[in-house]
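What you see is a predicted model, and the numbers here were worked out from it, not measured in a lab.
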Amino acid sequence: MIKSRICDMLGIQYPVFQGGMAWIADASLAAAVSNAGGLGLISSVNAGTEVVRNEVRKCKELTDKPFGVNIMLQAPNAAEIAAMVVEEGVKILTTGAGSPAQYMEMWKAAGIKVIPVVASVALALKMQSAGADAVVAEGAESGGHVGELHTMALVPQIVDALDIPVVAAGGICDGRGAAAAFMLGADAIQVGTRFLAAEECTAHNVYKEKILKATDISTIVTGKTLGHPVRSLKTPFSKSFAKMEADPSVTPEEILAFGTGALRKAVKEGDLNGSYMAGECAGMVKKIEPAKAIVEDLILGAEKVMAEKAAALA
Ligand code: TUI
């Protein structure tokens with residue numbers, strides 16, 4: 001069975017992280033992934049710090065396996081969340097959308113394993129120097145907030161530059177993608193979009209149906225003009241957003257106001273005027289299934305494809 005140094009570091013069975021998807025990744029999904037032997041992550045982007053604290057407590061009841069919290073650094077309550085996870089004894093953190101350098105000392109003193117999500121070699125090196133235990137190298141195939149480089153080029157460049165383990169993310173959806181990530185030098189994979197279709201994912205059914213119906217060309221990146229590009233499904237909302245960005249008479253403030261709350265509306269209400277964040281691999285997600293089946297398919301699928309390809313190419 002596939003194993004790597006990150007399994008020993010975190011006490012997990014399989015080197016599979018579930019992405020800390022904003023508004024989506026709650027105790028239900030995180031515990032299911034952790035119980036399946038992967039690393040479940042709870043998102044800090046929810047209805048306030050106390051709600052996230054409650055999800056952490058719920059997750060402790062649902063699993064005795066390791067799990068973590070993902071901290072979205074651009075969120076207004078990021079500092080509050082950074083302190084809350086220490087209070088609650090969370091042992092593993094991933095961070096996104098910025099540099100967590102200012103919190104590193106506090107987290108390391110609390111014995112927390114810190115795994116920043118990075119989108120460039122420069123930030124990856126900075127994080128390694130700051131004491132990160134590993135990094136997630138996230139390519140722009142991902143859903144949500146994205147960097148510029150894509151997984152195929154980003155992962156090996158970060159692997160070459162760092163000594164600490166590297167988790168590959170972005171566009172990984174099945175055993176083939178997982179195997180490819182390991183070939184690029186990754187020690188683990190992080191998967192978001194496919195877990196949207198987990199039975200234990202509590203996102204609205206409309207969201208799940210949209211993922212199942214997606215094709216290869218179903219996503220679009222908006223928000224570049226605002227300095228925070230976001231990949232989501234093409235919907236009337238995201239198309240209007242893109243049109244506003246291309247219209248010089250619309251101000252950035254107006255665009256921001258248009259986008260505010262859009263992800264919550266999609267996840268919680270299935271509102272068609274919401275933002276359905278998803279990665280490029282949405283077109284490969286074909287069925288709703290338990291998180292355990294997804295984790296096992298990723299790992300067993302990778303083993304199978306690696307063995308078959310090695311034989312076929314010999
Ligand atoms: O953070 C993510 N993905 C996200 S956050 C999010 S919440 C949201 N809600 C509404 C609108 C927009 C976003 C949805 N998806 N992924 C991790 C990630 N981090 N991807 C890229 C980066 C990144 C990019 C630049 C990390 C650091 C960075 O460097 C900036 C710096 O400070 O050097």
Side-chain angles (χ1 to χ4, degrees), residues 19-25 43-46 70 72-76 78 95-98 117-120 123 136-154 169-173 190-196 203-204 206-285:
M21 298 169 282
W23 285 100
I24 293 168
S43 171
S44 74
V45 181
N46 205 320
N70 171 262
M72 203 293 211
L73 295 162
Q74 285 174 14
T95 64
V117 179
V118 296
S120 68
L123 188 62
V136 178
E138 189 184 272
E141 296 92 328
S142 303
H145 179 81
V146 289
E148 284 185 9
L149 292 173
H150 291 75
T151 304
M152 182 77 99
L154 180 69
I172 304 169
C173 198
Q190 176 168 287
V191 173
T193 302
R194 185 151 176 209
F195 283 114
L196 288 170
H204 199 281
V206 169
Y207 207 126
K208 292 182 158 183
E209 275 159 26
K210 281 187 168 298
I211 297 296
L212 296 181
K213 283 196 190 128
T215 70
D216 56 338
I217 56 164
S218 289
T219 73
I220 181 174
V221 175
T222 56
K224 278 191 189 152
T225 60
L226 302 172
H228 51 88
V230 167
R231 183 181 301 283
S232 64
L233 294 179
K234 287 176 189 162
T235 60
F237 168 82
S238 58
K239 287 181 191 161
S240 301
F241 199 103
K243 272 201 198 108
M244 286 170 84
E245 283 193 280
D247 182 346
S249 74
V250 183
T251 67
E253 290 73 26
E254 285 170 316
I255 304 172
L256 267 175
F258 180 69
T260 300
L263 177 61
R264 189 199 60 77
K265 276 196 277 190
V267 176
K268 298 291 179 194
E269 294 160 22
D271 186 332
L272 295 175
N273 286 315
S275 168
Y276 291 79
M277 294 185 190
E280 285 183 347
C281 62
M284 294 165 72
V285 181

### Selection residues 249-271 - residue pairs positive for salt bridge (Lys or Arg N to Asp or Glu O under 4.0 Å), sequence neighbours left out
Arg264-Glu269

### Query
Any side-chain heavy atom of Lys210 sitting closer than 4.5 Å to one from Leu272?
yes

### Message
Whether the side chain of Glu245 engages the backbone of Gly223 through a donor-acceptor N/O pair (distance < 3.5 Å, no angle test) should be reported.
### Response
yes

### Task
Keeping the roles fixed (side chain from Tyr276, backbone from Lys208), state whether a donor-acceptor pair exists under 3.5 Å.
no

### Task
Show your reasoning for whether side-chain contact (heavy atoms from CB on, under 4.5 Å) applies to Leu212 and Val285.
CA-CA 6 Å; Leu212 296 181; Val285 181; 4.1 Å; yes

### Task
Work out which heavy atom in Asn70 is nearest to a heavy atom in Gly20; give both atom names and the distance.
OD1-O, 3.6 Å

### Message
Atom CD of residue position Gln74 - does it have more than 12 heavy atoms of other residues, nucleotides or ligands inside 6.0 Å?
### Response
yes

### Task
Locate the shortest heavy-atom distance separating Ala214 from Ala282; write the atom from each residue and the value.
CB-CB, 3.7 Å

### Task
Output the distance between atom CG (Leu233) and atom OG (Ser275), rounded to the nearest 0.5 Å.
8.5 Å

### Query
Do other residues, nucleotides or ligands put more than 12 heavy atoms under 6.0 Å from the CE atom of Met152?
no

### Message
If I take atom CG from residue Leu226 and atom CG from residue Leu256, how far apart are they, to the nearest 0.5 angstrom?
### Response
5.0 Å

### Task
Report yes if the side chains of Tyr207 and Met277 come closer than 4.5 Å at any heavy-atom pair, otherwise no.
yes

### Task
Say whether, by atom type as modelled, one donor and one acceptor occur between the side chain of Thr151 and the main chain of Gly170 under 3.5 angstrom.
yes

## Note on the structure
Note: Thr219 and Glu280 closest approach over all heavy atoms is OG1-CG, 3.9 Å

### Query
Between Ala278 and Ile211, what is the shortest heavy-atom contact and its length?
CB-CD1, 3.6 Å

#### Entry: Minimum-distance pair of heavy atoms, taken over all atoms of Val45 and Ala22
CB-CB, 3.6 Å

### Query
Quick one: NZ on Lys243 to OG on Ser238, what's the gap to the nearest 0.5 Å?
10.0 Å

### Task
Can you label the angle between the Phe241 ring and the Phe258 ring as parallel, tilted or perpendicular, going by 30° and 60°?
tilted

### Message
Quick check against the 3.5 Å criterion: does Arg231 have a side-chain atom that pairs as donor or acceptor with the backbone of Gly279?
### Response
no

### Task
Kindly compute the distance separating OG (Ser240) from CG (Asn273), expressed to the nearest 0.5 Å.
7.5 Å

### Query
Where is the tightest heavy-atom contact between Leu154 and Leu149, given as atom of each residue plus distance?
CD1-CD1, 3.7 Å

### Message
Within this structure, what is the CD1-NE2 distance for the pair Ile24 and His204, rounded to the nearest 0.5 Å?
### Response
12.5 Å

### Message
For a 4.5 angstrom cut-off between non-hydrogen side-chain atoms, does Ser218 reach Lys234?
### Response
no

### Query
Is there a side-chain contact between Met244 and Thr225, using heavy atoms and a 4.5 Å cut-off?
no

### Message
Is the shortest side-chain heavy-atom distance between Ser43 and Met21 below 4.5 Å?
### Response
no

### Query
Roughly how far, to the nearest 0.5 Å, is CD of Glu141 from NE2 of His150?
5.0 Å

